Amino acid sequence: MTSILSAVGEALGKAREDKTRGRLAEQAINWVKPLVMQAGAIINGGVESDIEYIMSR
Amino acid sequence: MDEVGPLALFGCLPFIITVRRDQAAPPSDRVLKGRLFPHRLGARIDQKRNLARILDPGRHQAPPHQAKMPPAIFQDDHRHRLSWRNVKPWREIWLFKIAKNLPQGVRRRGDHETSTHCDVQIGMRSVPFNPDPPTLRPMKATAAKPARSEPEPGLDDEVRIARLRAANINPHTGLATDYLNHFNEAIMLLEMIPDIPESVEDFLRWRPLSYAEHFTASHFKARDSPSPPTVPPTFTSAPSSTASPAR
């Protein structure tokens, strides 16, 4: 997550077009969100990243 | 054509206009229809009825504002009115409110149990627990090898687990999802960029933090304790070198 966000931040700093920045931001969200979910699963001791599994415990 | 017929006699009577929709009945019929109480249906919205008719407003005027206790005060025991279960506690309103409104963040365990009382909350609002700062021991846990936190002396396991769960700390790993708030903040800023391009500057000011750095920078009470929380190996991949600006 840190690496992705750092790289995205660097790319956003170089991009000048708002459209490009927007698409890059959307891509980054799709990359980072699953990782956040997996990190939540790890923190909660789950072996699966399925959020439903975590919430049912 | 001009021959007078037998019905011509009725033509001598005055012409009688029939009563239609917006016309009143003849006075002789009104008494019969209205009987002895012509306005017995009572006052309407724009017509307040008093005996003395002194304080009555005009036809198109609002009725006088009279002090009247709300029915909820006198009928507070009505079982179909609002009760405690109708009050749904919401999360704290702060910078990460949008990020915390993820679907799993507001999910409840039962239909009649608020999210506040749910044992496991992966909502991004968990706060590290500090039951007793002088005797607090570091949270020891690893992501690859889940381990129980070391029990505090004299503290029952069940009580300890209950307290950890109440503080949104997983009792098995000893970790708190509050750390993920930091990344949810970045996601929130990214989500703003397509609609508000100027928010790029806000995202560029975002800095990655390690697990320990996050709690050190937070208002966690135990951050000043002599032994800081153990950093899980998985989250040590955000070293101080990555604490450089994101750009």
Side-chain angles (χ1 to χ4, degrees), chain A, chain B residues 99 102-104 107 109 118-124 126 141-144 146 169-180 182-184 186-195 197-201 203-211 232 234-235 237-239 242-247:
Chain A
M1 292 187 289
T2 300
S3 301
I4 292 175
L5 292 174
S6 299
V8 169
E10 185 177 355
L12 286 175
K14 294 178 180 178
R16 296 302 171 196
E17 296 290 335
D18 292 342
K19 186 177 180 181
T20 304
R21 288 178 169 178
R23 292 194 62 179
L24 180 58
E26 292 174 352
Q27 285 287 335
I29 292 170
N30 295 332
W31 294 332
V32 176
K33 268 191 176 180
L35 296 178
V36 172
M37 295 299 176
Q38 290 181 6
I42 294 172
I43 289 176
N44 285 281
V47 294
E48 300 180 16
S49 60
D50 188 359
I51 201 66
E52 292 293 337
Y53 170 77
I54 297 170
M55 293 305 298
S56 64
R57 298 185 64 185
Chain B
L102 296 174
Q104 71 275 10
R107 192 170 299 165
R109 190 175 210 181
C118 186
D119 289 340
V120 179
Q121 285 186 347
I122 196 171
M124 309 310 176
S126 57
T142 58
I169 296 178
N170 189 279
H172 298 286
T173 62
L175 300 175
T177 55
D178 186 82
Y179 174 57
L180 301 180
H182 187 60
F183 294 93
N184 279 321
I187 293 176
M188 182 188 68
L189 294 173
L190 285 173
E191 289 175 341
M192 295 171 60
I193 291 177
D195 298 327
E198 294 79 12
S199 60
V200 171
E201 300 299 326
F203 176 77
L204 295 179
R205 282 192 289 269
W206 183 86
R207 301 290 183 271
L209 294 175
S210 67
Y211 188 83
T234 302
F235 299 136
S237 58
T242 58
S244 57
R247 57 189 305 175

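Because the structure is a prediction, the values reported are computed rather than measured. Chain A is the first sequence line, chain B the second, and so forth, proteins listed ahead of strands; every chain is numbered from 1. Note that these values count all heavy atoms, side chains included, but never hydrogens, waters or copies made by symmetry.
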Rounding to 0.5 Å, atoms CG (A/L12) and CD (B/E201) come to a distance of 10.0 Å
Does a side-chain heavy-atom distance below 4.5 Å link A/E26 with B/P194?
yes
Here the pair of heavy atoms bringing A/T2 nearest to B/P208 is CG2-CB, 3.4 Å
Here the pair of heavy atoms bringing A/V8 nearest to B/L190 is CG1-CD2, 4.2 Å
Chain B shares the most heavy-atom pairs under 4.5 Å, among A/K14, A/K19, A/R21, with A/R21
Report yes if the side chains of A/L35 and B/F183 come closer than 4.5 Å at any heavy-atom pair, otherwise no. no
In this structure, CG of B/D195 is separated from CG of A/D18 (nearest 0.5 Å) by 11.5 Å
Here the gap from A/Q38 atom CD to B/L180 atom CG, rounded to the nearest 0.5 Å, amounts to 11.5 Å
Close side-chain approach of A/L24 to B/I193, heavy-atom, < 4.5 Å = no
Would you say that B/E191 contacts A/K33 through its side chain, given a criterion of any heavy-atom pair below 4.5 Å between the two side chains? yes
What one should report as the nearest heavy-atom pair of B/N170 and A/I43 is CB-O, 3.4 Å
